[in-house]
Protein chains: 2
Amino acid sequence: MHRCSIVSDRKPTIIDVARAAGASIKTVSRVMNNERYVSAETRERVQRVMAELQFQPNKSAQSLKGDKSYLIAHVYGDPGGPYTGQIQMGLLTRFRDQGYHLLIEEIDYRGDDVEDRVSKLVNQLNLDAVVLTAPVTDNDTVISVIERANIPYVRVTPQHERDGGSSVRIDERAAANDLTMHLLAFGHRRIGFIKGPEHHAGTRLRYSGYCDALREYGLEPDPEIIEQGGFTYRSALPCTRRLLSLAEPPTAIVASNDEMAAAVLSVAHDRGLSLPGDLSVVGFDDIELAEMVWPPLTTVKQPIQELADAAAEILVNILTRRKQPGEPAPQAHRVLPHHVVIRRSTAPPARR
Amino acid sequence: MHRCSIVSDRKPTIIDVARAAGASIKTVSRVMNNERYVSAETRERVQRVMAELQFQPNKSAQSLKGDKSYLIAHVYGDPGGPYTGQIQMGLLTRFRDQGYHLLIEEIDYRGDDVEDRVSKLVNQLNLDAVVLTAPVTDNDTVISVIERANIPYVRVTPQHERDGGSSVRIDERAAANDLTMHLLAFGHRRIGFIKGPEHHAGTRLRYSGYCDALREYGLEPDPEIIEQGGFTYRSALPCTRRLLSLAEPPTAIVASNDEMAAAVLSVAHDRGLSLPGDLSVVGFDDIELAEMVWPPLTTVKQPIQELADAAAEILVNILTRRKQPGEPAPQAHRVLPHHVVIRRSTAPPARR
DNA sequence: CTGAAAGCGCTTACAG
DNA sequence: CTGAAAGCGCTTACAG
């Protein structure tokens, strides 16, 4: 018996394991990393000792010499939308099993220290990969730092396609089109629209989808009933007030996201309108809020869970098979199916 | 001129800086860490070279030999509540300036791998500190792993006080009391209550505050109008339906959080009740949703930003002055002021 | 299939 | 105030 003391006050290292197992540290390293060329017998013996000693490899040491830090960052912006948390949950679940940990970094795209912050994150920590969500999916400063460091990255619901990196998204334009068509099919012809903020993924595509749908019915977008919002509840309050104060107010309003749709409902309630008879309202994203307001919102479901899964899967694929240096990181671009969720906030327009 | 090439394809190391500055690596290290005993002249010269070379210290190397990983983890649970994101924002902002990065780990307290997961996080990454939020603030398994590793930690809004670690919170019991008093002062005498889930911080204290308030008015809590919810919107739907179907329904309902209060509103709307005349509703937390539903909720504001700030400040204090080993980590327990936000979901009961 | 040596980029003692 | 040496716990070549 040459393993003297199983219990010790300091954390066991690879050397302790090697000694206790009667093997070299290189062999222990091989077992840890599931490499080939270890006899089944040796592997088993080492694994048993690792378990007994409760050995846990030091990530810093692995990172210093090796090329992996086992750290992946989620870079997002505020307002990143209420699904930031759900995206993170999805990523965590997937990365966990592979031994990766998730770091988070919030980036204000207006800030002048964006480059510095991302650079520190990427370079000091030797990140293995990065996930980008709105509104930094299309931030050139952030992306160029990541590309310079030659780290694989995935953009979740980006606005524009790009040569580098990977992406996962739904067809936002088609989704906004479907949503508007739903209102047109109900007989609405005067349909207001509240846009999202510039620079934010989705803003442009959702607006385009709305315009396309109108044109399919031979209508032209009317600037009088198109408002500029900011994706927040508050931003849509004055927009709605203006729309409902028009001589000829819209009979339906498409808000570019659910939070703004909630604001439309509040203003309508406040004016004593009967919903959805006097005003139909639709949102976008299907966040939890969509079901919690009254009437619950007709909206497009953003398949957050699936998007996060797809993003994680793409990265895990890349990370677990990078063997040849010089080989360009493989890319993937996935477009997931979307669907309109019809609830009680939409109905045919009431007769006047 | 002994700095040959400023530009290089590989990242500059401390050795490159030392060479270019004509100093030893130890001196560069001193400058990096803002240690004393460096002449102003040398310090400045080194700093200039660091900037020119865009030198960024490798955290893995710092962590391997030193005792700091510059990594702090936020351990939370799902449902961690919609303010998980806000807490993280607050922590990020504060830690950033100190050079710390934030890792996140979601823990399902029902899972049997909790210990393993937290242990891996803490031990493999050599975490510098941990922040715990609901519902893991009172999880003994998690806390004992952290304490064994001798890492400072802060619990945000814990349910029970503890000997070890630090905590920040509001007086939830007093807050629930205030909220209920507000209804009592309006003249309500039959006030329903929807509890949060067991094991979740806040559940017990909020209920106690409600009971206390009733007793101050000489009333006893009536089990018939006390429901068991789960802090989710959906969980409160059936609770509300039962309460409103009673022969003598409550004239007001206290929901243990805002999401459940939103569910109360929806059921009431669905039954055609006039709000707040037929039913007053209060929530707890003042999450964004509270202002987005109709009528907007009277609730208690959870000062998330301040709580996150306080938590971060406590940790930064501990981390930046740990000099003497053996000295126990200093602790802090802070109770922040709370206040009731009165909106339009509460009013005196209508005459029957 | 297995192992001894060197080294990743820093920090910690320890000397001057 | 400054620096040369050793070492943190692993992995990467390189030999057997």
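Labels below follow one simple rule: chain letters A, B, ... track the order of the sequence lines, proteins then strands, and each chain is numbered from 1. As a basis for the values below, the full set of heavy atoms in this structure was taken, side chains included, without hydrogen atoms, waters or symmetry mates. Values in this document were obtained by computation on a predicted structure and should not be read as measured data.
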Starting from the C-alpha separation in whole Å, work towards a yes-or-no answer on side-chain contact (heavy atoms from CB on, under 4.5 Å) for A:Leu103 and A:Leu127.
CA-CA 9 Å; A:Leu103 266 153; A:Leu127 290 184; 3.8 Å; yes
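Taking atom NZ of B:Lys11 as the reference point, atom P of C:dC8 lies 14 Å away to the nearest angstrom. D:dT2 atom C1' lies 11 Å from atom CZ of B:Arg45, rounded to whole Å. For B:Lys65 and C:dG7, the NZ to P distance is 18 Å, given to the nearest whole Å. In this structure, B:Phe55 places its CZ atom 10 Å from P of C:dG9, rounding to the nearest Å. Atom-to-atom, CE of B:Met32 to P of D:dG3 comes out at 16 Å; the value is rounded to the nearest Å. Summarising the geometry, the separation between CG on A:Asn58 and P on D:dG7 is reported as 18 Å, rounded to the nearest angstrom. Atom CD1 of B:Ile15 and atom P of D:dG3 are 15 Å apart (whole Å).
Of the candidate nucleotides D:dC10, C:dC10, C:dA4, C:dA4 has the atom lying nearest to any side-chain atom of A:Lys26. Taking only side-chain atoms of B:Ala61, from C-beta outward, the nucleotide of C:dC10, C:dT12, C:dT2 with the closest atom is C:dC10. Closest to the side chain of A:Leu64, from the set C:dC8, D:dC10, C:dG3, is C:dC8. Of the candidate nucleotides C:dT11, D:dG3, C:dT2, C:dT11 has the atom lying nearest to any side-chain atom of B:Ser29. In the set C:dC1, D:dT11, D:dG3, D:dG3 carries the atom at the smallest distance from any side-chain atom of B:Ala23. When distances run from any side-chain atom of B:Pro57 to the nucleotides C:dG3, D:dA4, C:dC10, the shortest one goes to C:dC10. For B:Thr13, taking side-chain heavy atoms from C-beta onward, the closest of the listed nucleotides D:dC10, D:dC1, C:dC10 is C:dC10.
Between the side chains of B:Ser63 and B:Ser60, no donor N or O sits under 3.5 Å from an acceptor N or O. When only modelled atom types and interatomic distance are considered, A:Asp140 and A:Ser144 share no side-chain donor-acceptor pair under 3.5 Å.
If you check every strand for non-hydrogen atoms under 4.0 Å, B:Thr42 touches sugar and phosphate atoms only. Among the protein residues, A:Arg36 comes within range of no part of the nucleic acid, since none of its heavy atoms lies under 4.0 Å from any strand.
D:dC1 is paired with C:dG16 under the Watson-Crick or G-U wobble criterion, all donor-acceptor distances under 3.5 Å.
For C:dG3, one of the phosphate oxygens OP1 or OP2 lies less than 4.0 angstrom from a side-chain nitrogen or oxygen of A:Thr27.
With respect to A:Arg169, the side chain to side chain contact (heavy atoms under 4.5 Å, CB included) criterion is satisfied by exactly one of A:Arg334, A:Glu161, A:His333: A:Glu161.
Atoms CD and OG1, on A:Gln305 and A:Thr93 in that order, are 6.5 Å from each other to the nearest 0.5 Å.
Taking the nucleotide of DNA chain C with the nearest heavy atom to each of A:Ala40 and A:Ile25, the more 5' of the two is matched to A:Ala40.
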